[in-house]
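Ligands are counted one by one from 1 in listed order, and the atoms in each one are counted from 1 as well.
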Amino acid sequence: MSQLGVVGAGTMGTGVSQLFAEAGLEVVLVDSQRRALDAGREQIRTSLQTAHLVRGGGAKPLDVDAVLGRIRFTTELKDLSGAEYVVENITEDWEAKRRLYPELDDVCPPDTVFGVNTSAIAISRIGSVTRRPEKVVGTHFMNPAHLKPTVEVIRGFRTSEDTLQRTGELLERAGRRHIVVNDAAGFVTNRVAMLTVNEAIFLVHEGVADVRSIDRLFKECFGHPMGPLATADLIGLDTVLYSLEVIYADLNDSKYRPCPLLRRMVEAGLHGRKTGRGFHTYESATREDKAHV
Ligand SMILES: NC(=O)c1ccc[n+]([C@@H]2O[C@H](COP(=O)([O-])OP(=O)(O)OC[C@H]3O[C@@H](n4cnc5c(N)ncnc54)[C@H](O)[C@@H]3O)[C@@H](O)[C@H]2O)c1
C-alpha cells in the first residue's frame, strides 16, 4: 500500500488520517470545504503535539512535522487517482454519499477498495451506487479514530473475501484489531448505542434527571468512561440525529424515533464538542467544561 485516500476532514476523517499517517502511510485527505481542511490540519497538529502525554506509559513525543508531512490536504477529489484504498468519512447523509460514490468510481483505479466510515447506513446500499460493490466494505472507526484499538468491519452482501483481507491488512498495519459483522443499518455497535443515547436525551426532555446526573449515573454506577450525553457530544449531535433517522427509516421501527429535544438542539446549531456546545459546553474540542442543560 503506497497511498491511502481519506474523504471528509471532520471529526472522523482527521482522526483516520492521523492514524494512518502515524503508521507511515502517505495520506491524501479530501474535503469539499477548505475551512474544514485548515481546521483538520490544526486539530491533527495539536493532537500529535500532546499524543505522548495522552497515551502515557512512557510514550515518546512524535515527530509532528514528519507525520503532518505525510498528509496532503486538498479540495480536489481527482487527487485520489493514485489511492489504493479510500476511507470515506463525509457527513452522515444518504444523498451526499449517493452522489459521492459514482464520482469516486470515476476517479479511482478499478482495484481501489472503498472503506465506508458510516454510523448507520447499510454497506450494501452504498455498494449498489458503485460499479464495484465487491470492493465496498464498512470500516466503522470509533471516535477518536487515532486512539481506539478496534474497528467494526461490515461485510456487505457483495463484499468479497479479498476486500475483507485487504481491509484487515490495512488495519493491522496501523496496529488496529477488527471484528467483522454482517450488514444491517447501525451494524452492531450503533444499533445499541444510538438507542441508549436517544433514551438518555428523552430523560432530559421529560425532566427525569439533569444532564450531569444522567452522565454521572453511567460513570459512577456502571463504570462507563463517559455518560451517554457526553458521548452524544463527542459523536456530534447532528451525526446522532442523522444516524437515528437512517436506522428508523431502514428498520421502520419506532423505537429509533429521534427525541424532539435532539432535533431542536441540532436545528439551533448545538452540535456538541465540534461547535463548543451540546449537552455540555466546551472551551476546546478536547475539554469538557460544564453541563449546559
Ligand atoms: N462522529 C462520530 O463519532 C462517528 C463515529 C463513527 C463513524 N462516523 C461517521 O463518519 C462520517 C463522518 O462523520 P463526522 O462526525 O466526521 O462528520 P463531520 O460533520 O464532523 O465531518 C464531515 C465532513 O465531510 C465533509 N464533506 C461533506 N460532503 C462532502 C463531499 N461530498 N466531499 C468531500 N467532503 C465532504 C464536510 O465538509 C465535513 O468536513 C459519518 O458518516 C458518520 O456517521 C462518525
If we count only N and O atoms by modelled type, under 3.5 Å, do the side chains of [X] and [Y] hold a donor and an acceptor together?
X: Y101; Y: E88; value: yes
X: D79; Y: T74; value: yes
X: S2; Y: E84; value: yes

Nearest non-hydrogen protein atom, [atom]:
atom: atom 1 (N) of ligand 1; answer: I235 O, 2.7 Å
atom: atom 12 (C) of ligand 1; answer: N89 O, 3.1 Å
atom: atom 16 (O) of ligand 1; answer: M12 N, 2.8 Å
atom: atom 21 (O) of ligand 1; answer: G10 CA, 3.3 Å
atom: atom 42 (C) of ligand 1; answer: S119 OG, 3.4 Å
atom: atom 9 (C) of ligand 1; answer: N117 O, 3.3 Å
atom: atom 20 (O) of ligand 1; answer: T11 N, 3.0 Å
atom: atom 27 (C) of ligand 1; answer: T91 OG1, 3.3 Å

Which ligand 1 atoms does [X] reach within 4.0 Å, using its non-hydrogen atoms?
X: S32; result: 26 (N), 29 (C), 30 (C), 32 (N), 33 (C), 34 (N), 35 (C)
X: V7; result: 33 (C)
X: F141; result: 5 (C), 6 (C)
X: G8; result: 24 (O)
X: Q33; result: 37 (O)
X: H140; result: 6 (C), 7 (C)
X: T239; result: 15 (O), 42 (C), 43 (O)
X: N143; result: 1 (N), 2 (C), 3 (O)

- Task: Please work out whether any backbone atom (N, CA, C, O) or any side-chain heavy atom from C-beta onward of D31 is under 4.0 Å from ligand 1, and answer side chain, backbone, both or neither.
- Result: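 The answer is both.
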
- Task: Please state which part of A36 comes within less than 4.0 Å of ligand 1, counting heavy atoms only: side chain, backbone, both or neither.
- Result: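 Side chain only.
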
- Task: Please confirm whether R99 comes under 4.0 Å of ligand 1, counting heavy atoms of the residue only.
- Result: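 Not so, R99 does not reach ligand 1.
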
Is it true that, when you exclude [X] itself, more than 12 heavy atoms of the residues, nucleotides or ligands shown sit nearer than 6.0 Å to its [atom1]?
X: L147; atom1: CG; answer: yes
X: R41; atom1: CZ; answer: yes
X: R216; atom1: CZ; answer: no

- Query: Of the listed options (I90, V87, L77, D93), which comes nearest to atom 24 (O) of ligand 1 when hydrogens are ignored and any heavy atom counts?
  - Reply: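 Looking at heavy atoms only, the winner is I90.
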
- Item | Closest candidate by heavy atom, reference atom 17 (O) of ligand 1, pool E92, K274, E88 |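 Looking at heavy atoms only, K274 sits closest to atom 17 (O) of ligand 1.
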
- Parallel under 30°, tilted from 30 to 60°, perpendicular over 60°: which one fits the rings of F202 and H205?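 Answer is perpendicular, since the angle exceeds 60°.
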
- Task: Please work out whether the ring planes of H224 and F218 are parallel, tilted or perpendicular, with thresholds of 30° and 60°.
- Result: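 Geometry flag for F218 against H224: tilted rings.
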
Taking the side chain as C-beta and beyond, is there a heavy-atom pair between [X] and [Y] under 4.5 Å?
X: T75; Y: L37; value: yes
X: L164; Y: V153; value: yes
X: L80; Y: V7; value: yes

- Message: Applying salt bridge (Lys or Arg N to Asp or Glu O under 4.0 Å) to D106 and R131, what does each step give before you reach the verdict?
- Response: CA-CA 9 Å; D106 289 341; R131 294 191 297 273; 3.2 Å; yes

- Using a strict cut-off of less than 4.0 Å between a Lys/Arg side-chain nitrogen and an Asp/Glu carboxylate oxygen, indicate whether R45 and E42 qualify as a salt bridge.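 Result for this pair is yes, salt bridge flagged.
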
